[in-house]
Each structure stands twice: as C-alpha cells, then as structure tokens.
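The figures that follow rest on heavy atoms only: side chains count, while hydrogens, waters and symmetry mates do not. All figures in this text were calculated on a predicted structure; none of them were measured in a lab.
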Number of protein chains: 4
Amino acid sequence: MNVDVIADATADQDRKAPGRPRSARADEAIIAATLDLLASGTPVEALSIEAVAARAGVGKATIYRRWANKESLIVDAVASIKGDVLPVPGISVREDLVTLLRPVGRMSQNKFGRIMPCLLNELRRNPQLAESYRELTEPRREALRRVIRRGIATGEIRSDLDVEVAVTMLVAPLIVQNVLAPNPALEGVDLPAELVDTLLSGPAATAGAGPVAAAG
Amino acid sequence: MNVDVIADATADQDRKAPGRPRSARADEAIIAATLDLLASGTPVEALSIEAVAARAGVGKATIYRRWANKESLIVDAVASIKGDVLPVPGISVREDLVTLLRPVGRMSQNKFGRIMPCLLNELRRNPQLAESYRELTEPRREALRRVIRRGIATGEIRSDLDVEVAVTMLVAPLIVQNVLAPNPALEGVDLPAELVDTLLSGPAATAGAGPVAAAG
Amino acid sequence: MNVDVIADATADQDRKAPGRPRSARADEAIIAATLDLLASGTPVEALSIEAVAARAGVGKATIYRRWANKESLIVDAVASIKGDVLPVPGISVREDLVTLLRPVGRMSQNKFGRIMPCLLNELRRNPQLAESYRELTEPRREALRRVIRRGIATGEIRSDLDVEVAVTMLVAPLIVQNVLAPNPALEGVDLPAELVDTLLSGPAATAGAGPVAAAG
Amino acid sequence: MNVDVIADATADQDRKAPGRPRSARADEAIIAATLDLLASGTPVEALSIEAVAARAGVGKATIYRRWANKESLIVDAVASIKGDVLPVPGISVREDLVTLLRPVGRMSQNKFGRIMPCLLNELRRNPQLAESYRELTEPRREALRRVIRRGIATGEIRSDLDVEVAVTMLVAPLIVQNVLAPNPALEGVDLPAELVDTLLSGPAATAGAGPVAAAG
DNA sequence: CGTTAATCGAGACGGTACGTCCTGTCTTCGG
DNA sequence: CCGAAGACAGGACGTACCGTCTCGATTAACG
C-alpha cells in the first residue's frame, strides 16, 4: 500500500493536501513498469529503481517520494495483482482438486507465474512481502481446503486427514517443481493428478479395491 | 567446474602446463571463504568477489583466473560441500522416513542449511547450479526412495505408490515451510511426522485394514 | 579546462542545464587534494585518482564527471595556482634581473616549485599542460623582458640583444640546474648572478667600458 | 651496471660461478627491447617490465634476476648507448660552437634524442640515472669547453668568461626548447646561432663595434 | 661423460589502481 | 508542491601490471 495513501487514510480523509496533488498516472506507470520488468525476467535483486523510473517515464525521486525503498515498492506491486480471479471447481472431489492444482503446475505461462518465482528469494528476508504473498495465495489455498472438507463430509476422503498438511502436500511439490528445482524424473508426469491420486489413496477410487485388498 | 580442469580435459590429460602451477591452497581458501560468507548470511546477490578475495587472503585476479564469474564460483563452492554424510536409517519404515526428513525440517541449523536458502533464487536461472543442487540432494532423495521401496516390499506401504511422487510430497513441504514461505498455520506442527502419517496411514484408515495388519 | 565549461561555451552561454548543478565545493576539494598530493611529493605518474577522491572526500565518479582523465585534471589543477604574485623589481637593471631570477633558483622551496618538477615530464606529451605551464611562467618572463628593454633604453644593456633569446638564456640554465639535471660543477655557484653577469657585462668588459660607467 | 657484474667485480674476478652461465643474448635482447620501447614513444613511467619481457622474448624473472628494478634497467640501457660519436669541430670558434650545438637543437630526430626526453623526469629522483646522463652528455660539454677555451686563447672570446656557466647558457635553452617546454616565440629562430651570437657579444664580431661604443 | 647447479621461458601469486556502472539520496529547475 | 534531470558519496565490477615466486626443462662447466 502506498505510504501517502496510508497517511491520508489514517490522518484526514477529507482535507486536501496543499500544493499539486500526486499524479495517479505516475503511480500506475510505476507499478506497471515494476511488474513488466519482473515479468520479463529481471530478477528481484537486479531490479533497479533506475530501470523502473526509466520504463515508467518518471524521475527516480518520484518513486522514492512514494516508497521508502525497493522492497516496499515490490510489495505494493505484487499486492496490486491480486485481482486474478479463481476458476470455479467442478463436481467430483478428485476432479476439483486437480482442476485447482493445474494452474499452479502451469505457473510459468501466466503473468502471475512469471513474477512469483522472482520473489521467492525475498520472502525469507522480507516479512511484508511474505504477507503479500500469503494474501495472494490464501484464496487458492482456501479453495483447496473447502474441496477437501467437502470430500470428507461426503466420505470421498478419509476423515483423519489434517487439512492444512494435505493442502501443503498438494501445493508444495508443484511450487518446487515449477519454480525452484525441477526434478527431471518428474518432467513428463501429470503432477497435479498424481499428487491428488497419491494423497487420496487412488486405488480405492480408481479400481474399486484398495491395494491391500488386491494384495490380500 | 574449474576452468583449468575444463581446459585440461579438452586438450591433453597428461602433459603438464608450463609455468608455475596453480596453488591448491588458494583454491581451498577461495572456496572456504565463499562458503563462509554464504553461511554467515550474505545473500548470493550481495556476495562480492572483492569480499571473497579479502577473506581468502587472495588477489582478485587469482579468483578470476579460475572462475569466469561469480555464478560459476558459487556452483563450485556448493558442489564442494557434498561431503555431509547421511544418517543411517532405523527399523520401522515410518520411523525411518521421519528420521530422514527431520534434518530437512531443521535446515537452518547446519551449514548446508544456512547456505542453501541463499541459492534457491539462482536455481531457476543457472542450470549448472541447479545440477549441483540436484547432486547434493540426490543422495538424500535416494535414501527416501530406498526406505519407501522397502516398505512396499514388506507390505508396510501400499504397492501402487509412485515412489518419485511420494518422495516429492514428503520433501517439498519441508523446503517450502523452512526456506521459502513458512505457513503460520503449520508453525507448531511436527511437520515431518505429519507428512509421513498423512502419506502412509491414510489408506489404512479408509480401507479398514492397515498394511501392518495385513503384514501381521 | 573543465568539461562542463567547454560544453557551456560551445552550446549556450545563458540557458541553465537541467538537473542538480555541480557542486563548487567538490570542484575546489578535488583541485586542492590534487595540489596537496603533488606538493607532498607524489610524482605525477603515481598520482592516483583514487587517492585524490579519498583525500577530497569525494566519489571517483565525481572526478570522472568533470575530467576525462588524470592528465586534464592535473592541467586544471596547475592552471589554478596562477595566483602566486610576482615580486616587484628594484632600481639597477643588473640587480633587478638577479632579483627576478633568484626565486627560479630556489624553486624547490615554494609550493609552485615543488609541484612544477613533477609536471615537466608531462609537458612534451600534453600540449594543454604545456599551455598551462606557459601561462604560469609567462608573467615571470614578461617581467624579465621589461627589465631588459628598460636596460636597453637606458643604455645599460647593448641594443642588439634579442630579448626572447636573452630571457631564455637566463631562465633555462636555472630550470635545468634546479629541476632536471643539476651539474655538480655549478653546485656552489650563485647561478642567477653569474648568468646575468655573463650575459650583460661581457661586451662591456671586452669593449673597455661597462654599462654602469656608460650610464654614470 | 648489471648487479651480478658488480658482485663479481667486488668479490672474485676469476673464479667462475657454478651452474649455467647467464645468456649474453638475453642481456642484449632486454637492453635492445628497452631502448626500442623508449624510442618508440613509451614514456618511462609507462614502460612496463612485462612489455620489455614480451618484446625481448624473455621471462620477467630473467629481467629481475639481472636488475633490481625498472630504474636500474633503464640506467643500464641508457648507459649502453654512449657510443654515439661526436662530430669534429671546424675552424672559426663561432662556427664550431654552432656546429656542436646544432644536433642538440635537432634532438628529436635521432635515437638518442627520442630516448632522452623520456628520461628527464627521472633524473631528479634517480641519482644513478643522473650519473649515466652526465656521462653521456659530458663528452659533448667537454667539446664545447675546449672550443670556448680555444677562443679565449686566440682572443676571439673575452677572457673573463666562466666557461661552465657559458656552456650551460648555450646548452640549457636548447634542452628546454626541444625537450621540455618549447617557447612558441622562438619557434622559427635558428636558436643555436642566436645563442652563440648573444653569448659572444655578436656586435663586436659582426659589425666590428660593440653596442656600448655604438651607443657612446 | 655424467653430475650438478644456476639458468631459461612461462606463468601464478597477493596487491593496487584503473575507469565504468549502479546504488539510494540530494538538489535544482520549470510547470 | 510536483515532475524531471542529474549530481552526490560510495562501492563492486573485471582488467592490467606490479614485483615475487615456483615450476619443468636447458645447458655449460666440474669432476
């Protein structure tokens, strides 16, 4: 969130600031330039204010007047893309989970996906950015949680599952595979489907008979 | 890989290079200094060759003579720590898996763990570093695979499990939780144990007959 | 000459440059540091921009923004010391000449004298520095010329003398003796007086009538 | 003088050193390379041992084994060119002096002349180089002295002249004009002739009457 | 005639300075 | 007051030499 906007909001909603008001166009141009640069591959550590200012057609001071440092600019830029709406789930629990996970497995193909990987290294160091990150991913995690709970209610999923752990086991492999250190052994695999099957003890659902029964 | 080693390999394995040979002590000092700086918190992007040279007591040219750039120095430095041996697993499959996963959950407490997080952001961009990373983690993954296969053989684990997917579902959540974006909802949880339980015991509970019972 | 001054002179004398103007304090600090280092014995070839920047409390870029290289910085630094005023001459032509030459014979004892010798080697290569040098020495040469012309007018000096050649014959031996290659055979000699006597009195002695006698 | 030769001379003239003797070809190649580089414009301060070694086809250690530093190499290199013989003087004293001075006025056209200017800056700092310089110039000065004394004996030159001062007054202007800081006011002048005329009280010789007499 | 030892070219060593670039801050101008 | 422009101090970059050192290979005199 823009520092001035915060200040204005907490101090005086109605009174006009003296002098020339800040240009909303500049705000937008700066945020857009930041996202553009991140999406076009610039790693966060190499994202220079100078480059952002140049691409936004704005003076460096104009950026520093609004954000205290590079990190908070990035936090705001990231927070601004929260709009990306979520797909609506389907009918079968298994199908719904796979549907929800699939875009995570194709992260490198949308804007959100191209920006995220650049930020991951900063998450450890920057709690605010981590917060923004969580705010962005939370709706997706919540959707997963809802489907899992629905599955438990309908008996499609066993009831002793820790929902949070389950969600993490579904999402984390995709993040690691797509964003950090792709494992060549998993390259051709339809990972979202495999993950769901593995978690939900596929055999019971796919063959009608669990592996133990088959082995017995 | 060291530039000279490359040269030797492509040219002539046996003939000695003319002139004074390169100092092995310098090699070691440079690698050690690099790892020290990484372990002491310096982020990869802020690791300067100048600082490495100073800490190693070495001229900058001595570094540039061996490595073309910062990245390949880091690749070699990382590759050099592969020595960290693995703990030997125990008896019960469930216990063995938890034992193997536990150190991953405590990565921030050993040298390897303090260095790794600094590198993750580079993995996407630098295939060589990614290769080094995989070489380092592969023995740990292989140990997990062996235990899982043993469990399948003894009937403690259902046989339809894709071993690679299972390994990833165990490891990835720990990496994400400890290194990237800790999820506050999982903060107090004994994640290694929860992961193993979620993966292994689920089917047993839903199918009415656990693998242990079947094996008994 | 400062690069900016050049730019202004060739482009537009009146229009202000955009952006923050250059700091006059930095200019002065850089020139002062340069002269300090030269005067304290640093030979021109060992004068490093890095040292100048450090002593001036200035970034290297601030120096390179103003001067393209070390040489032109030195040219400007030298040009800036032209202020050293000249002593006023006395009454007798012979005495006046000796008075004017004496400081040249004691160059190693004043600031100007300690800096000059460091520059001589550069004069051949650097026409701009040679120009600065000439601008600094010209007032002194002009003073000598005036005295010689006065002597010719009053009859104290023979009238066929080429003034420029005479000035050079007085000054060059002192430069060579004090700055370049002292001749041991002239070590104890009061060179300024000897030079004037040799130049002026010679003809008088051979012709039987000294200039003073002629003027008396 | 070569460091080893010194050692041999002071210790034991006859006993041969054990081991492989030093290569005379290397000595010559190094000296020649040094003079080449100096003559081809490289200023003394920019003459790198590395360049000398490269041009001589010799290792750097081969140079440092013989000379303690760059300066003493240059001293020896300069000393090695003393061979340049002097022209023989003519009949008239005035003509002889002009003949002797003329080559000094054309220094930039022979090898000696192209090397000398590079050295002048070092003379102040390096007594050994100054000594070499004096040894090289002394024969020329001595020739001038002899002619001047001959002129005094024959009555062509007045007898009260300090010979050393006179020599300096003839030579120093040429050095300054040709090597250090050429005075534009003297550019078209036949300086050697003018100097001799000015010193020898030209009028007496050219017009038969001294200036004082003419003015009286 | 083989041993011996100082030489040779080559090149790595720890340093220092180079001139460039970019950082985040600051200071001025014109609108 | 705002925007743009650009100077500010600082510091890392990768290169070039410095003068020293260390290597394997020569090479000449001594034994």
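Once rounded to the nearest 0.5 Å, the distance linking CD1 of B/I74 with OG of B/S132 reads 11.0 Å.
In this structure, CZ of B/R22 is placed 13 Å from C1' of E/dA10, rounded to the nearest angstrom. Here F/dA7 presents its P atom at 18 Å from CD of C/E28, a figure rounded to the nearest Å. Atom CD in B/E71 sits about 11 Å away from atom P in F/dC13, given to the nearest Å. If you take CZ of A/R25 and P of F/dC2, they are 17 Å apart, rounded to a whole angstrom. As a whole-Å value, the separation of B/I63 CD1 from F/dT15 P is 13 Å.
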>> Base contacts versus sugar-phosphate-only contacts with protein, heavy atoms under 4.0 Å: please encode nucleotides 15-22 of chain E as B, S and - from 5' to 3'.
In response: B-BBBBBS

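Within the structure, a side-chain polar atom (N or O) of A/R66 is placed less than 4.0 Å from OP1 or OP2 of F/dG3.
Scanning both residues, D/A68 and D/S72, for their nearest heavy atoms gives N-OG, 3.6 Å. Counting all heavy atoms, side chain and backbone alike, B/R66 lies closest to B/S23 at NH2-O, 2.9 Å.
With hydrogens and angles ignored, no donor-acceptor pair closer than 3.5 Å exists between the side chain of C/R20 and the base of F/dC8.
For the pair D/N69 and D/Y64, the minimum side-chain heavy-atom distance is 4.5 Å or more. You'll find the side chain of C/I30 reaches within 4.5 Å of the side chain of C/W67, heavy atoms only. Residues B/Q128 and B/E71 have side chains not in contact (no heavy-atom distance under 4.5 Å, counting atoms from C-beta outward).
Checking F/dC23, E/dA10, E/dC8 against the side-chain heavy atoms of B/P21 singles out F/dC23 as nearest. Distances were taken from every side-chain heavy atom of D/T62 (C-beta onward) to each of E/dC8, F/dG6, F/dA7; the shortest belongs to E/dC8.
Two residues, B/G19 and C/A56, neighbour DNA chain F, and the one matched to the more 5' nucleotide by heavy-atom proximity is C/A56.
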